[in-house]
Amino acid sequence: MPSAPVLDVRGLTVEYATETGPVRAVDGVDLDVGPGEFLGVVGESGCGKSTMLFAIARLLTPPAEITAGTVEFAGRNLVTMTEKQLNVVRWKQLSVVMQSAMNALNPVATIGAQLKDTMIAHGVKSKDDIHDRSVEVLKLVGIDPIHLRSYPHQLSGGMRQRSMIAMALLFTPELVIMDEPTSALDVVAQRSLMVQIKQLQAELGFAVVFVTHDMSLVSHFSDRLVVMYAGQVVEAGPTRTVFDRPVHPYSQGLLDAFPSVRGERRHLRGIPGRPPDLGNPPPGCRFAPRCPVVIDHCTDEVPELYPVGLAAGRCLKLVASPETGAR
Ligand code: ADP
């Protein structure tokens with residue numbers, strides 16, 4: 001990567017304290033995002049994506065706790081920051097767009113009031129500045145400023161998500177973290193929101209970490225992909241490389257599970273079985289119980305993330321035959 005990453009996560013580990021012992025939902029995750037880069041994080045529901053994003057933004061609440069690792073953002077470790085220090089960073093340099101705007105927005109306050117509250121909380125005092133910036137950010141996301149007076153329920157799902165994005169862009173942050181922001185939308189609204197996020201990114205230059213269970217959604221939009229399985233990164237690489245030549249059998253399975261829009265007609269397969277219980281993960285490779293190409297060592301030897309060209313995969317077969325990959 002030519003310039004220093006905006007976000008550099010190393011060995012991030014998060015555990016939920018439960019009655020039956022700790023559940024390690026995020027286990028030693030490494031990832032980085034360059035300035036203006038779009039990083040997609042994909043994986044089945046329950047693999048730890050949201051927990052990881054919340055850990056990065058330091059928004060976790062008990063029983064979840066970061067037990068190891070660092071989250072360097074703009075050169076400083078967020079993990080050791082106090083709430084006061086974090087408040088300077090959040091919104092202004094790093095903002096988060098949640099899965100459902102209906103839950104994240106206050107239902108009894110207008111969009112204008114919510115933009116205003118956020119600005120006041122971060123030290124903007126002038127009424128004119130607040131008004132001008134509110135109009136500006138709504139226009140930025142394609143919403144008529146007349147909706148400053150609208151309540152969330154008066155907007156469509158797409159407009160609500162857009163107003164969440166407007167809020168996230170109030171202070172032109174360097175990084176916007178997005179947790180399935182399009183999941184409540186229909187396919188057409190989904191695509192139009194994705195296109196808009198990309199346009200805003202090109203215009204304003206912020207980096208994005210975008211979490212989704214839908215690999216096809218990020219295929220045209222992300223520069224690099226991280227595939228997560230059972231709390232760990234199992235594959236990472238440039239998006240095209242991961243799509244064209246996935247090195248981990250799980251990534252291959254995810255790709256086989258959705259239809260190609262333009263490609264050849266093919267039989268869609270799901271991945272048989274279920275992800276493991278994170279409170280008691282299998283020894284060895286966590287994907288071994290579901291893996292179609294499992295070999296003897298997979299059930300007792302823990303694989304590392306092995307580099308393969310521009311990508312990397314957590315699969316023992318890559319060490320056995322790096323040329324052919326895991327397929
Ligand atoms: P994703 O965003 O990929 O769907 P999550 O981050 O929501 O995954 O959850 C990851 C895992 O964390 C879950 O599979 C579950 O094992 C564990 N988990 C989540 N919330 C709790 C909780 N409150 N208590 C215990 N374990 C939890």
Side-chain angles (χ1 to χ4, degrees), residues 7 9 11-31 33 38-69 71 78-79 95-104 161 164 175-185 190 208-219 222 224-236 242 248 250-251 253-255 257-258 270-283 285-290 305 314:
L7 180 75
V9 176
L12 185 64
T13 303
V14 181
E15 290 181 356
Y16 287 89
T18 73
E19 280 175 9
T20 50
V23 171
R24 190 171 282 191
V26 176
D27 190 7
V29 164
D30 293 343
L31 55 86
V33 192
F38 190 120
L39 180 78
V41 179
V42 297
E44 275 165 296
S45 167
C47 74
K49 305 182 297 293
S50 302
T51 306
M52 182 189 75
L53 286 194
F54 273 67
I56 290 174
R58 284 287 313 279
L59 291 169
L60 284 178
T61 49
E65 192 194 349
I66 297 176
T67 53
V71 176
L78 298 184
V79 173
S95 59
V96 184
V97 179
M98 304 286 183
Q99 209 167 98
S100 159
M102 211 47 194
N103 297 336
Q161 286 304 129
M164 283 299 300
L175 175 68
V176 182
I177 293 177
M178 301 190 176
D179 186 7
E180 309 236 20
T182 66
S183 62
L185 308 178
Q190 232 177 30
V208 172
V209 178
F210 189 102
V211 151
T212 178
H213 64 278
D214 182 353
M215 210 157 172
S216 61
L217 187 65
V218 285
S219 61
S222 71
R224 281 189 302 129
L225 269 188
V226 162
V227 181
M228 279 184 76
Y229 184 74
Q232 298 178 326
V233 173
V234 292
E235 178 153 357
V242 176
H248 196 283
Y250 177 65
S251 319
L254 280 183
L255 285 168
F258 75 85
I271 304 173
R274 294 169 56 87
D277 170 10
L278 293 176
N280 184 23
C285 170
R286 295 184 173 183
F287 189 59
R290 300 172 78 185
L305 207 49
R314 192 182 293 280

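Numbering of residues begins at 1 and proceeds along the displayed sequence. What you see is a predicted model, and the numbers here were worked out from it, not measured in a lab. Just so you know, ligand 1 is whichever comes first in the structure, and atom 1 is the first atom listed for that ligand.
Among pairs with a residue in residues 38-65, those fulfilling salt bridge (charged side-chain N to carboxylate O under 4.0 Å, His left out) read E44-R290, at least two apart in sequence or across chains.
Contact between D214 and S216 at its shortest, heavy atoms only, is OD1-OG, 2.5 Å. Heavy atoms only, all atoms of each residue included: G46 and L278 are closest at O-CD1, 3.8 Å.
Remark: T18 pairs with T20 by the side-chain hydrogen bond (donor to acceptor under 3.5 Å, both in side chains) rule, at least two apart or across chains. Applying the salt bridge (Lys or Arg N to Asp or Glu O under 4.0 Å) rule to D30 yields the partners R10; only residues at least two apart in sequence or on another chain are considered.
Taking the ring centroids of H248 and Y229, they lie at or beyond the 6.0 Å cut-off.
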Between the protein and ligand 1, which nitrogen or oxygen pairs come in under 3.5 Å, and how far apart is each?
from: ligand 1; atom 1: 2 (O); to: S50; atom 2: N; distance (Å): 2.8
from: ligand 1; atom 1: 2 (O); to: S50; atom 2: OG; distance (Å): 2.8
from: ligand 1; atom 1: 3 (O); to: G46; atom 2: N; distance (Å): 3.3
from: ligand 1; atom 1: 3 (O); to: C47; atom 2: N; distance (Å): 3.1
from: ligand 1; atom 1: 3 (O); to: G48; atom 2: N; distance (Å): 3.1
from: ligand 1; atom 1: 3 (O); to: K49; atom 2: N; distance (Å): 3.0
from: ligand 1; atom 1: 3 (O); to: K49; atom 2: NZ; distance (Å): 3.0
from: ligand 1; atom 1: 4 (O); to: G46; atom 2: N; distance (Å): 2.6
from: ligand 1; atom 1: 6 (O); to: T51; atom 2: N; distance (Å): 2.9
from: ligand 1; atom 1: 6 (O); to: T51; atom 2: OG1; distance (Å): 2.4
from: ligand 1; atom 1: 8 (O); to: G48; atom 2: N; distance (Å): 3.1
from: ligand 1; atom 1: 14 (O); to: G46; atom 2: O; distance (Å): 2.8

